[in-house]
Structure formats: C-alpha cells, structure tokens
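Reviewing the structure listed below.
Each chain gets a letter, A, B and so on, in the order the sequences are listed, and its residues count up from 1.
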2 protein chains.
Amino acid sequence: MAHYDDDSYNAALDRLLLLTVMLNDDMHRGLATDGLTPSRTSLLWTLRRIGPCSQKAIAAAMQISPRTVTGLVDGLVATGFVTREPDPADRRAVLVTFTAKGTAAVDSLIAQQREFSRQLFAAMPPERFAGLVAGLDDVLGTLHALGLRSPF
Amino acid sequence: MAHYDDDSYNAALDRLLLLTVMLNDDMHRGLATDGLTPSRTSLLWTLRRIGPCSQKAIAAAMQISPRTVTGLVDGLVATGFVTREPDPADRRAVLVTFTAKGTAAVDSLIAQQREFSRQLFAAMPPERFAGLVAGLDDVLGTLHALGLRSPF
DNA sequence: TCATCATAATGAGCCATGCTCACTATGCTA
DNA sequence: TAGCATAGTGAGCATGGCTCATTATGATGA
C-alpha cells in the first residue's frame with residue numbers, strides 16, 4: 001500500500017524532472033539563435049524586472065557574486081545589449097541600462113514565451129489545465145514550506 | 001476572451017518555469033554535499049542506465065562531445081566514483097565502471113529522490129495529485145508532438 | 001600481407017560562468 | 001580629516017562545454 005504510493009510519487013517526480021530538463025534544454029536552444037547565453041539572458045530578465053541599477057544590485061537579485069556580474073555585463077556590453085552609464089548619485093557605481101537592441105531582445109523573448117505557453121496549453125481540456133495549475137500551486141507551496149525560496 | 005486565456009496560459013508557464021528553476025537549484029545544492037558536480041552526477045546516472053561502457057557511448061547517451069566525457073571521467077576517477085577498465089574487445093576503448101563508492105553514491109541519490117517525492121506529494125489530496133499527473137502527461141505529450149525529444 | 005581508412009581516446013587550446021582574494025576609487029562618518 | 005565601508009575590477013582558479021590535431025588501434029580491401 002505505502003509501497004504503491006511511493007512508486008506513483010516517484011513516477012510523478014520523474015515526470016516533473018523530465019519536464020524540467022526538457023524545458024531547460026528548449027530555452028537554451030532558443031536563446032542561442034539570439035546570440036545570447038543563458039546567464040546573460042537571465043541578467044537581462046533581472047534587469048527588466050528591477051530596472052537600470054548598479055551591478056551590486058544585479059548580483060543581489062541574481063544571487064551571484066558581483067565579480068560574476070562584471071563578466072556578464074562585459075559580454076552584454078560587447079554584444080550591444082546593455083551599456084554602463086555613470087550613476088549620478090555615486091561615482092563608484094555604474095547603472096546597467098538597456099540599449100534599444102537589449103529592449104527588443106527581451107520583448108522578443110517575452111513574445112516567444114507567450115507563444116510557447118499557447119502551444120503548450122491552448123489545446124488542453126480546461127478541466128485538465130485547471131488540475132495542472134492546482135497541482136503546480138500545491139507543489140510550489142510545499143516547496144516553500146520545505147524552506148526552498150523562489151529566486152525572484 | 002482570447003486575451004484572458006493567454007494570460008492564464010502565461011501564468012501557468014511561469015509557474016512551470018519557476019518550478020523548473022527551483023527544482024534545479026535544489027538538486028544542485030544537494031549534490032554539492034556529496035562531492036559531486038551536476039555534470040558528473042549526470043554521467044553517473046547515465047552510466048547506471050546504460051551500464052559499463054565506452055566513453056564514446058556515454059557521449060552519445062549524454063549528447064555531449066567525447067572530449068567532454070574524457071574530462072568528466074577524469075574528475076570521477078580522481079574522486080573515486082568510477083574506474084577506467086580495459087575493454088577486452090577493443091584495446092582503443094575503456095570501460096567506465098562504477099567503484100563501490102560510485103554505486104553507493106547513486107543509490108544514495110535514488111533514496112534522496114524517493115524521499116523528496118514523498119515530501120512533495122504525500123500530503124497532497126489524491127484528486128489533486130491525479131490532476132497534476134494528468135496535466136504533466138498532457139504537457140509532455142504536447143512537447144513530444146512539438147518535436148522536443150526526451151534526452152533519455 | 002600490407003596499405004588505407006575509420007574509430008576511441010586524449011592533448012592543446014578556446015570560451016563562458018562561477019568563485020575568492022586583493023586592490024583602487026570613491027563615499028561616509030566620527 | 002582620518003578611517004572604515006562600499007562598488008567595481010584584476011588576477012587567478014575550477015568546471016564544463018567546444019573544435020582540431022594526434023595517437024593508437026581496428027577493420028577492410030587489393
């Protein structure tokens with residue numbers, strides 16, 4: 001009895017992890033076409049969320065070291081997605097700021113994501129979709145209760 | 001109407017991607033305690049799935065270059081998880097083989113995963129669990145139909 | 001048999017992404 | 001103004017991807 005349940009729990013986790021891997025791979029594949037790496041894209045997402053800010057702030061938001069942010073911003077500056085602007089309030093700091101190309105890239109990613117969500121869910125029976133969302137919310141709540149915190 | 005649906009699809013995909021990130025982070029954190037990196041662990045999982053085999057076979061199974069496998073196996077040999085045994089049928093090749101420590105490590109990972117699946121799902125109402133699994137299967141089927149292939 | 005081509009692994013060397021530690025330049029405060 | 005704190009970066013390391021060249025071995029055909 002308990003054994004039977006364990007097996008179905010494991011099968012469910014296997015599905016979840018498989019989905020995790022497949023979604024990750026797909027995201028990374030899509031990125032390559034835009035000349036972006038996963039880490040640099042993550043920085044762009046963060047920048048969109050918190051707005052032009054110091055590298056220190058980006059490091060805190062992404063939970064990586066300030067030194068790593070220097071490297072990522074170097075790459076994004078070299079490829080024209082962001083610029084380093086002087087911070088009028090602190091001459092030690094820079095304000096990492098989108099270029100037009102950077103803004104366009106993030107907008108494109110958002111559009112791609114919307115399209116992908118349509119492809120994933122539009123054909124799903126409403127009841128099943130609702131069941132999936134309820135299940136995901138349950139899992140996310142459980143993870144939160146287990147002490148895992150969202151990176152956002 | 002269509003707009004409303006789009007928003008709920010997006011919200012669902014956001015949940016899925018958030019879950020993806022959180023599960024990934026958690027897995028990687030857990031690994032560090034065992035002295036394993038994510039890539040080396042992935043190789044151990046692969047090796048468990050396909051059995052002692054050449055590095056070439058591992059590269060094919062993991063969809064990475066043979067050169068990268070050389071590096072990963074170097075690390076796993078240095079830390080005592082696997083050994084390189086001569087292939088009796090082909091003196092060019094090696095058979096990557098678990099040590100006792102390697103077998104124990106994989107067994108431990110499996111046990112951790114079973115425990116984690118219990119923590120995630122044991123408290124979930126059976127109906128919601130069933131709804132989650134049905135939804136996940138639907139999504140996996142859709143991904144397959146979209147041309148995304150499982151890495152296994 | 002032996003020359004040729006194919007294959008398994010690795011050396012050399014590149015890039016990206018993470019880290020720490022040390023250092024510079026600047027800000028802040030007593 | 002002296003001294004501590006903070007933002008960013010240089011130096012240097014590890015991991016994990018890659019390609020290309022090389023070595024050793026296997027396999028095949030003349």
Side-chain angles (χ1 to χ4, degrees), chain A residues 21 24-25 27-29 31-47 50 52-79 81-97 151, chain B residues 21 24-25 27-29 31-47 50 52-79 81-97 151:
Chain A
V21 171
N24 252 323
D25 287 359
M27 287 198 312
H28 294 185
R29 257 196 309 274
L31 260 43
T33 67
D34 295 311
L36 283 171
T37 63
S39 293
R40 290 178 193 172
T41 307
S42 173
L43 195 154
L44 291 187
W45 273 106
T46 302
L47 196 58
I50 64 182
C53 61
S54 70
Q55 297 185 178
K56 176 86 174 172
I58 295 174
M62 293 179 71
Q63 300 182 263
I64 58 181
S65 73
R67 186 60 184 86
T68 299
V69 174
T70 296
L72 294 178
V73 172
D74 283 351
L76 288 166
V77 168
T79 47
F81 290 95
V82 303
T83 58
R84 285 189 171 97
E85 303 294 331
D87 183 340
D90 187 340
R91 283 191 299 159
R92 293 170 304 176
V94 298
L95 289 182
V96 181
T97 311
Chain B
V21 171
N24 252 323
D25 288 359
M27 287 198 312
H28 294 184
R29 257 195 308 275
L31 258 43
T33 65
D34 294 311
L36 282 172
T37 63
S39 293
R40 290 177 191 171
T41 307
S42 173
L43 195 154
L44 292 186
W45 274 106
T46 302
L47 196 59
I50 65 183
C53 61
S54 71
Q55 297 185 178
K56 175 87 175 171
I58 295 174
M62 294 179 70
Q63 300 183 264
I64 58 180
S65 72
R67 187 59 184 85
T68 300
V69 174
T70 296
L72 294 176
V73 172
D74 283 350
L76 288 166
V77 168
T79 48
F81 290 96
V82 304
T83 58
R84 284 188 173 97
E85 302 295 331
D87 183 340
D90 187 341
R91 282 193 298 160
R92 295 169 303 178
V94 298
L95 289 181
V96 181
T97 310

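- Atoms CG (B:Leu31) and P (D:dG16) sit 10 Å apart, rounded to a whole Å.
- Between the P atom of D:dG16 and the CD1 atom of B:Ile58 lies a distance of 14 Å, rounded to the nearest Å.
- Between A:Ser39 and A:Ala89, the one whose closest nucleotide on DNA chain C sits nearer the 5' end is A:Ser39.
- Of all non-hydrogen atoms in B:Pro52 and B:Leu47, the two that sit nearest each other are CA-CD1, 4.2 Å.
- Put simply, CG on B:Asp87 is 12 Å from C1' on D:dG26, counting in whole angstrom units.
- Residues forming a side-chain hydrogen bond (donor to acceptor under 3.5 Å, both in side chains) with B:Thr68 (at least two apart in sequence, or on another chain): B:Ser65.
- Within the 4.0 Å cut-off from OP1 or OP2 of D:dA14, not a single side-chain nitrogen or oxygen of B:Thr37 is found.
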Can you give one letter per nucleotide of nucleotides 6-13 of chain C, 5' to 3': B if a protein heavy atom sits under 4.0 Å from the base, S if only from the sugar-phosphate, - if neither?
BBSSBBB-

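- Contacts classified as salt bridge (Lys or Arg N to Asp or Glu O under 4.0 Å) and involving residues 64-74 of chain A (residues at least two apart or in different chains) are given here: A:Asp74-A:Arg84.
- Residue B:His28 contributes atom NE2, which lies 14 Å from atom C1' of C:dT17 at whole-angstrom precision.
- Nucleotide D:dG17 holds its P atom 11 Å from the CZ atom of B:Arg40, rounded to whole Å.
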Donor-acceptor contacts, no H, no angles, side chain residues 39-46 of chain B, under 3.5 Å, sequence neighbours left out:
from    : atom 1 : to      : atom 2 : distance (Å)
B:Thr41 : OG1    : B:Thr37 : O      : 2.7
B:Thr46 : OG1    : B:Ser42 : O      : 2.9

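- Going from atom CD of A:Gln63 over to atom P of C:dT17 covers 18 Å, rounded to whole Å.
- Partners of A:Arg92 by salt bridge (charged side-chain N to carboxylate O under 4.0 Å, His left out), not counting sequence neighbours, listed by chain and number: A:Asp90.
- Between D:dC18 and B:Thr68, a contact under 4.0 Å exists linking OP1 or OP2 to a side-chain N or O.
- For B:Arg91, no side-chain nitrogen or oxygen approaches OP1 or OP2 of D:dA24 to under 4.0 Å.
- Listed by first then second residue, pairs satisfying salt bridge (Lys or Arg N to Asp or Glu O under 4.0 Å) with a partner in residues 55-65 of chain B number zero, not counting sequence neighbours.
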